[in-house]
Amino acid sequence: MAFGKGHHLHLIDGSAFIFRAYHALPPLTRKSDGLPVGAVSGFSNMLYRYIEGNTGPDAPTHAAVIFDYSGKSFRNDIYPQYKANRPPAPEDLIPQFPLTRDATRAFNISCIEVEGFEADDIIATLSCQARDAGARVTIISSDKDLMQLIGDGVEMLDPMKNKRIDSDGVAEKFGVGPQRVVDVQALAGDSVDNVPGAPGIGIKTAALLINEYGDLDTLLSRASEIKQPKRRESLINNEELIRISRDLVKLDCDMDLDFTLDSLEVKGPDADQLVEFLAKMEFRTMVKRATERYGVEAPDLPDASASASGAAPQTQSAVPETKPFDLDAYEHIRDMGALERWIDDIYERGYVAVDTETMGLDAMQVDLVGVSMCVEAGKACYIPLTHKAGDDDLFGGDSLVEGQLPLDLVIDTLRPMLQDPSIMKIGQNMKYDAKIFARYDVTVAPYDDTMLLSYALHAGLHNHGMDALSERYLNHTPIPTKELLGSGKSMITFDKVEIGKAVRYAAEDADITLRLWQIFKPKLHAEQVTTVYETLERPLSPVLTQMERNGIKVDRDVLSRMSNNFAQKMAGLEAEIQELAGQEFNVGSPKQLGEILFDKLELPGGKKGKTGAYATGVDILEDLAAEGHELPARVMDWRQLSKLKSTYTDALQTFINPDTGRVHTSYIQTGAVTGRMSSSDPNLQNIPVRSEEGRKIRQAFVADSGKKLISLDYSQIELRILAHVAKIDSLKQAFKDGHDIHAMTASEMFDVPIEGMDPMVRRQAKAINFGVIYGISGFGLARNLRIPRKEAQGFIDRYFERFPGIKEYMDETVAFAKEHKYVETLFGRKIHTPEIAAKGPQAGFAKRAAINAPIQGTAADIIRRAMIRMPDAIADLPAKMLLQVHDELIFEVDGNACDAVIEAVKDVMENAAEPAVHLDVPIEVDAGIGDNWAEAH
DNA sequence: CCTGTCACG
DNA sequence: GACGTACGTGACAGGG
């Protein structure tokens, strides 16, 4: 029978249940692995009681639990600040959200969430549909926003007070009937959801006004008739805001849903499924209750009495590293039967550690040699695929070794598992493996990465390479790569490794990875960095994978012409320099140069470093050149050209991928402790721009034919963050007014008007502004500005006098670091500062690093958030994201779509901090378009 | 493999 | 009173 008259639909507000469960219960964790499950437990309990309590004639025939989809809803498009002052969900609640969905399904109740919509809208749509079909509806929630739906057979049930609410109940609460609830809410606003409303008007006044004028539109059109001046002004001055508020509180009854009300029919729990879920969560009481109630067999649960009865605690899963490594126990997979058994096992467990072995380190070029997997500590395997004998046959190719499955067959067999959303893949630096697999048409997802886990947990404490992590956390030294492949000229590729050795090495890596995961994953909650890992690290990795695969086109001819040009100029300079020196020597050797300058020519200022060599850095050469010495000036010219040639125009050519004609850098997500990334092979984050000569190198980075490069960069983002975190009103105001921030600083400090300011004065203020971000010192500023140290210190003193908040911020940050041994960004990223308590010169370093890290790190977090949202934002546009340079993103775009892309990207970048963090300063992004990077920047 | 130098934000 | 200092990176050449 189709849904309609005589049916009774229950719509349960799931999110309300979760938060109530979370706050009502003490923090509870799953015994076996420490996963927080308190809210899941409370939620499950509520569902259990709900089901048990709903028997008899009034029982629902149809039911659904509705959840909020995480992230923004369409309301944020209407009003960006909507719900902006909501604090983020508690750290230990976040991992429980998906589990509450699992719980709902385990109870065999429909579980509904829709991206871009709030639970309230889904409830509204379903309740309208059911009402129109002639059925009864009960909304189980205590959220007053849902009261507008009441009437015509729709009621609410407040689960807290167990009280039914009908039209009379609504009138009691809002002073108007359900049809006018939206009008009252639009006027009164809501501080919890950040709905603005009309200032000075609350629910009581709003109801009074609506009752007098009939509805909101009439009220607004006749606002001038209101006698009380305050009310009248508030309504007239905020008409637009009130209308926006109405759009915000009005629920959407016309959503397109891809299921029918029929599908929500109540079927009653499937006992086996329910008990299995409860057992997995280790909810002993509920398992007992459910098994007894439904008469099914209880599954095995980890022994709970062990620690309670005083016996030795079980260490098996809590401390997996205590299980010794046995390299000979690893399995060599040589037939399909074994492979199928492994895949079955993986499906049963729901996760697997994976590692690839390849011909080299360039993931865009090298071929796969084998794959290793691990499902529990000590249980690992290796699937060799293309190991070769090294016995050149007549055709110059090596023959495949025995005991290997065909590569295509293995890939096709693994692909469904590697792509299965229900199987968690675990890797160490999985971006590399994902890139390898991508070349075989496998999109690995979802995945956890032990390197990223360690980074979220331990930034500042140590590096996150697998060997180091294994030593530190597993007390185990892995087989060194050198031992397997050798090094230097005689190094072999992995396909030449004898299979027996390869099994031990490769499977060991997967084993280590799995064990690290078992330690790190639960540690996220303990260290309060789950959100950092889940929102800033894990989702970024696939984005980087795609960017690296995109690559950027580089014009070899442009580079090679520049190289020749540089070579000629350098030869000329070299001759000139040796003429001046009166002898031949290697200009590129700082040691030889120092001897020429200070021993032979006896120039002043020779200082020897700890190695006994003269220092010949650019600052020293500059001093000498300033005194009129020709040779050091020419050496400076030579060095600039040498740098440009060797590092850029020569080296970049070798990175052009022969298959794609493009350069594919590799981003190291864990590259900088602050949260910044680094780029390598080649480093595309340090392509010259400051000097005229060097900037030309950017002309070699070009758009493909018919396309353009566009570059968007954050304008002074670190200074804006400083203004926000240090709460400097004058700086904030200057940014809001769009003033020249360095000129404003100069004006404050030196009491000079901004109009007609001496550029030198502005330059000094700019240097101070940057110095502040770096944890300023008189010496550093003096060196940068080339002024006496006393004078620099005077500037700093004056600066702190004018901006006392900055000094306060710096002192507070250092104090925080000393107390906690870490500092954190606005998004909760922790940067550990173990050196902060040190005595001696390191102390100064640590202090400045601690001051800088939250600022640099917050900026890094913001652009990460933008990058994570970018694939969705440009999904329907002909654009590809290619590069990130700390505060800049570079895209390649079809020529006619540049404006549309800029608009979309700008929007994402400028709002990237929201809704997690709302800055008191505007974030601004500048954009440029060109056929090459020099033009676009 | 380490150091000095220099390219970037 | 002396000492040594801007923050964060990666690549290259020279030299042991």
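Protein chains get the first letters and strands the later ones, always in sequence-line order, with residue 1 at the start of each.
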request  = In plain terms, say whether A:Lys807 and A:Glu801 are close enough for a salt bridge, that is, a side-chain N and a carboxylate O under 4.0 Å apart.
outcome  = no
remark   = Out of B:dT5, C:dA13, B:dG9, minimum distance to the side chain of A:Arg639 belongs to B:dT5
ask   = Counting just side-chain N and O atoms, does A:Arg676 come under 4.0 Å of either OP1 or OP2 of B:dC8?
value = no
request  = Describe, in one word, how the ring planes of A:His464 and A:Tyr455 are oriented to each other, choosing from parallel (under 30°), tilted (30 to 60°) and perpendicular (over 60°).
outcome  = perpendicular
ask   = CD of A:Glu622 versus C1' of B:dT5: gap in Å, rounded?
value = 13 Å
task = With P as the reference atom in both, quote the distance from B:dG4 to C:dT5 in angstrom, rounded to an integer.
result = 12 Å
ask   = With a non-hydrogen cut-off below 4.0 angstrom, is A:Gly775 in contact with a base, only sugar-phosphate, or nothing?
value = nothing
key: For DNA chain C, the residues among residues 678-686 of chain A that have a non-hydrogen atom under 4.0 Å from it   = A:Ser678, A:Ser679, A:Ser680, A:Asp681, A:Asn683
query = Quick one: stems for DNA chain C, with Watson-Crick or G-U pairs under 3.5 Å, at least three in a row?
reply = B:1-9 with C:7-15
ask   = Just by distance, do the side chain of A:Thr858 and the backbone of A:Leu826 share a donor-acceptor pair under 3.5 Å?
value = yes
key: Geometric class of the A:Phe750/A:Phe795 ring pair [parallel <30°, tilted 30-60°, perpendicular >60°]   = perpendicular
task = With sequence neighbours excluded, give me every salt bridge (Lys or Arg N to Asp or Glu O under 4.0 Å) pair touching residues 759-777 of chain A.
result = A:Asp740-A:Arg762
ask   = Is A:Ile687 touching bases, backbone alone, or none of the nucleic acid, heavy atoms closer than 4.0 Å?
value = sugar-phosphate
